[in-house]
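Single-structure report; data block below.
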Amino acid sequence: MDWNRSSNRITNMAILAGLGLALVLLFLAALYVRLQGQAPLPVPLGSFVQPALLLVLLFAGVLAVCSLRLLRAGHRLAADKDGLLGEVTRLRVAHARSARRCQQLLDNAGDAIFFIDPQSGSLDEMNRQAEQLLGYAAEEIRNLSLSALFPGRQKRRYLALVNKVLEEGYGQAGDLSFRRKDGQVFIGAVHARLGDLGDAKVVHAVLRDVTAIKRTEQELRKRNRDLTLLNQIAHSATADRSLKGMLQLILDETTANFEATGGGIFLLRHEGNELELAVHTGIEPEVLQDLHQAVPGEGLVGRVVTTGRPRSSTDLRKDSRVRSTVACAAGWRGFQAVPLKAKEKPVGALFLFTRSKRLFVREDVRLLLAIGNQVGTAIEGAQLFDALQWQFRLTQASNRELEQSRQQMKKNLQVMEESNRALAQLDRMKTNFLSLASHELRTPLTQILSGTQLLQETLTQDLGDQEQRVLEAISQGGKRLEGIIQDLLEAARVESQSLYLAYEAIPLPAIIDEIRTEFRPALEQRNITFSLGGFPSPMKLFGDPHHLKKTFRRLLENAVKFTPEGGRIEIEAGLRSQAEVWRREEQLRSFSHSFFNSPSSTRYLQVTVRDTGVGIAPDERLRVFDKFYEIGDINRHSSSQSRFEGTGVGLGLTLVKGMVEAHGGMVWVDGPGGGQAEDGSAFHVLLPLAPGPPAAMAVETPPAGSPQPGARA
């Protein structure tokens, strides 16, 4: 800057000197002219001086013009130079600001970022997140040995990643282990790229702590293995109709999955008084002879079949409950036995053993219990299948007798008439079976509930905590069974079309608000958002308020059970014309053929119950309304009305469909499906409205106390 000012000063002085010289020459010329006027010069001298004077004048003028132009050019250059200097200053300020901005981006980034020396692989620079994650300061990391940062073989994997980035420009490692300064090891996901700094190459990488994610993935993989085993067992239970063949397949798959040395399955015989070792694997002959002598109530397996509870031992040699000393002598140590149940009643036991000490963890026991429930149900099904086979053989024998009697027309006609009557009777038996079975169950159930209530009221202070829990379990089970019986009766009445339906005005908004009040504790406990939209008004809806209230209670109960904590349930309503419904006939006819075959109204009320639960796959949306659909293992039926704890009896949606269709409407379900947490389902109930003028689009105010849309219930 000082040199620039000096050059500007010298240039200005040269220009001013030129102007001064021009002025001097002009002054001398003017002086000559004046002297010439006073005393003319001699002719020879005058002839020389006069042209010289003209040249001097011309030179002075040119010099003056050039000096002025140079002066203006100098000023312009000086101005341009000042502008350039200002631009340079601005660029320097912008560069400094940009550098600070980049540094702030690095320091405040959500992920750990660091730069790697491509030659040595050492960490040259990192942001604050990296410092917090690794526990080292930036100055410490530069001089840190890679062996201190990467445990075991991880250093070799890290250097291989750096070499890959140098060769291909990009590399990643999803499970690279790092050691923090405090010695803790975590799993990091690294994404690295090759950068160009002009005169050098640098590797910059992003690091994330994925330890929790990897642990979750491991847990999910274990859950998947468990589900795969359960599916394989379910497939084995249906693939082989032979009871022993089915049990052998299940035992082999279970033993292999749990990496056990061997195992076996005992079955209760002769009304629970004897144990039969039905199948086994990996058991020595001398131990088999001893196991055939097992009886209920003795030893670990005997106690399992009598109590219905699992039994385990980490070392049979030191366990006083062991009955078979031969098994201990054969080297058995780790042991686990679980009951096989059908309808909550033990029908046998499954056991596994190892030749080394082993503790079967809680997750293993839960999986074995689930297997035991499936196997128990499969045993019951196999026994039923054997009975059906026997009946089938009897039927075949009857058919042969009928074939022999075909020669006699009269007898054939009589047989046909008898067969028709038998078929009609079977059809009536099928229709009335649920109702009759329910009626027969109500009397002993009433005795159980009344007896339990009497014991709870009279012996509460005399019973211990365990006895009180048993009474409470009996009471809850009885109430659950009572509800199932009521559903069975109602399903039978709906199927036989013998259900009485009242015909009166239905205050549907008030009914839904009452149902919401019933479920408020469960909604608050599970932090589920409940929103109730407005209803069209005026709205003439007639039918049976009691049965419709039960219908919407079942829908809301279904939504609450299958919606995870923190989810959302919405109920909204709207008017639909017959034309709007008929435009969706192709999509909805499969849900109710009778609705489209005999329309009951020209105006309908559509009520939608939408949730963010597990959702329903598209190929199952029709089948969920079938009776007993996916009833599953009866031992896993849910006894909760507020959360999902396994499959239910399978009558809820059947009753919803039957009751809505009994009112002349229809019900269907849609939604994204797929089973993800935010998928959810939407159940739509379409009810016919009484004839009247077209309803206005005004919205009826929800009853007092009901939450506004979006409010927390």
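Everything quoted here is computed from the prediction, not taken from an experiment. Positions are given from 1, in the same order as the sequence printed here.
You'll find the side chain of L277 stays beyond 4.5 Å of the side chain of L267, heavy atoms only. When side chains are defined from C-beta on, I616 does not count as touching F562, because their heavy atoms never get closer than 4.5 Å. Between S356 and R333, every side-chain heavy-atom pair lies at or beyond the 4.5 Å cut-off. Two residues are said to be in side-chain contact when any heavy atoms from C-beta on lie closer than 4.5 Å; V206 and V190 fail this criterion. With contacts defined as side-chain heavy-atom distances shorter than 4.5 Å, the pair L268/P296 qualifies. Taking 4.5 Å as the limit, some side-chain heavy atom of L367 sits within range of a side-chain heavy atom of N257. At a threshold of 4.5 Å between non-hydrogen side-chain atoms, the residues V375 and V347 do not count as touching. Using a 4.5 Å heavy-atom cutoff, the side chains of P339 and L369 are in contact.
A donor-acceptor contact shorter than 3.5 Å links the side chain of R179 to the backbone of S147. Looking at T612, its side chain does come within 3.5 Å of a backbone N or O of R568 through a donor-acceptor pair. A donor-acceptor pair is defined here as one N or O able to donate and one able to accept, closer than 3.5 Å; such a pair exists between the side chain of R157 and the backbone of D175. Judged by distance alone, the side chain of Y158 and the main-chain N or O of G121 form a donor-acceptor pair under 3.5 Å. In this structure, the side chain of T211 engages the main chain of I187 through a donor-acceptor pair within 3.5 Å. Proximity of a side-chain donor or acceptor of K341 to a complementary backbone N or O of G308 within less than 3.5 Å is detected.
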> After noting the C-alpha distance and the side-chain angles of F519 and I569, does the key distance pass the side-chain contact (heavy atoms from CB on, under 4.5 Å) rule?
Replying inline: CA-CA 12 Å; F519 282 91; I569 299 176; over 6 Å; no
>> Checking E131 against R180 for the salt bridge (Lys or Arg N to Asp or Glu O under 4.0 Å) test, could you report, in this order, the C-alpha distance in whole Å, the side-chain angles of both residues, the deciding distance, and whether it holds?
In response: CA-CA 10 Å; E131 292 180 353; R180 294 189 177 95; over 6 Å; no
> Could you walk me through whether V365 and S312 pass the side-chain contact (heavy atoms from CB on, under 4.5 Å) check?
Replying inline: CA-CA 9 Å; V365 176; S312 62; 5.9 Å; no
>> Run D252 and Q248 through side-chain hydrogen bond (donor to acceptor under 3.5 Å, both in side chains) and show every step you take.
In response: CA-CA 6 Å; D252 292 341; Q248 189 65 57; 3.0 Å; yes
> Do L144 and E140 pass the side-chain contact (heavy atoms from CB on, under 4.5 Å) test, and can you show the C-alpha distance, the side-chain angles, and the key distance before you say yes or no?
Replying inline: CA-CA 6 Å; L144 186 66; E140 296 176 316; over 6 Å; no
>> Does K214 form a salt bridge (Lys or Arg N to Asp or Glu O under 4.0 Å) with D209? I'd like the steps, not just the answer.
In response: CA-CA 10 Å; K214 293 298 181 181; D209 185 354; over 6 Å; no
> What do the steps show when you test D319 against R321 for salt bridge (Lys or Arg N to Asp or Glu O under 4.0 Å), and what is the final call?
Replying inline: CA-CA 5 Å; D319 199 325; R321 300 171 297 173; 2.8 Å; yes
> How far apart are the C-alpha atoms of D364 and Q336, what are their side-chain angles, what is the distance that settles it, and do they pass the side-chain contact (heavy atoms from CB on, under 4.5 Å) test?
Replying inline: CA-CA 10 Å; D364 294 338; Q336 179 66 54; over 6 Å; no
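Taking each heavy atom of S120 and L159 in turn, the nearest pair found is O-CD2, 4.2 Å. Nearest heavy-atom pair across A205 and I116 is CB-CD1, 4.3 Å. For the residue pair A112 and L133, the shortest heavy atom distance occurs at CB-CD2, 4.0 Å. Taking every heavy atom of both residues into account, P118 and V202 meet most closely at CD-CA, 4.3 Å. Scanning all heavy atoms of the two residues, the minimum distance from S531 to E570 falls at OG-CG, 3.1 Å. Closest non-hydrogen pair, K318 versus K357, comes out as NZ-NZ, 4.1 Å.
Note that the OG atom of S681 and the CG atom of L555 stand 11.5 Å from one another [nearest 0.5 Å]. Here the CD1-CE distance, from I113 to M126, works out to 12.5 Å after rounding to the nearest 0.5 Å. Note that the NZ atom of K343 and the OG1 atom of T377 stand 9.5 Å from one another [nearest 0.5 Å]. Here CG of L123 is found 5.0 Å from CD1 of I141. Values are rounded to the nearest 0.5 Å. In this structure, the separation between CD on E259 and OG1 on T255 is 11.5 Å, given to the nearest 0.5 Å. A distance of 12.0 Å separates NE2 of H292 from CG of L275, quoted to the nearest 0.5 Å.
With a 6.0 Å radius and a threshold of 12 heavy atoms from other residues, nucleotides or ligands, R269 has its CZ atom above the threshold. Around CZ of R215, the count of heavy atoms belonging to other residues, nucleotides or ligands within 6.0 Å does not exceed 12.
Judged by the 6.0 Å and 45° rule, R358 forms a cation-pi pair with F360.
Under the 6.0 Å cut-off for aromatic ring centres, F266 and F351 qualify, their centroids lying closer than that. In this structure, the ring of F353 has its center no less than 6.0 angstrom from the ring center of F335.
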